[in-house]
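Down below is the structure, laid out as structure tokens.
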Amino acid sequence: MKDELVAEVMQQMLPYLDNAQLKQLRLVMKHTLFHYDISDSTA
């Protein structure tokens, strides 16, 4: 689920960030979400 969340944010940020910024955003999100359990409440 974390990967899907990261991918969704990355997709929505594509128009606003260059490749280096997107790479950094992915690293920060993965680091930040590492200790969290995330579930899909819409399923």
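Only heavy atoms go into these numbers, but all of them, side chains included; no hydrogens, no water, no symmetry mates.
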query = From L27 CG over to L22 CG, what is the distance, rounded to the nearest 0.5 angstrom?
reply =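 If I round to the nearest 0.5 Å, the distance is 11.0 Å.
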ask   = Could you give all pairs that pass the salt bridge (Lys or Arg N to Asp or Glu O under 4.0 Å) test and reach residues 16-26, with sequence neighbours left out?
value = none
ask   = Under a single-linkage rule joining Ile, Leu, Val, Met, Phe, Trp and Tyr whose side-chain heavy atoms are separated by less than 4.5 Å, which residues share a cluster with V28?
value = none
Which donor-acceptor pairs under 3.5 Å do side chains of residues 2-15 form with protein atoms, sequence neighbours excluded?
| unit_1 | atom_1 | unit_2 | atom_2 | d |
| --- | --- | --- | --- | --- |
| K2 | NZ | L33 | O | 3.2 |
| K2 | NZ | F34 | O | 2.9 |
| K2 | NZ | Y36 | O | 2.8 |
| D3 | OD1 | K30 | NZ | 2.8 |
| E4 | OE1 | M1 | N | 2.9 |
| E8 | OE2 | Q12 | NE2 | 2.5 |

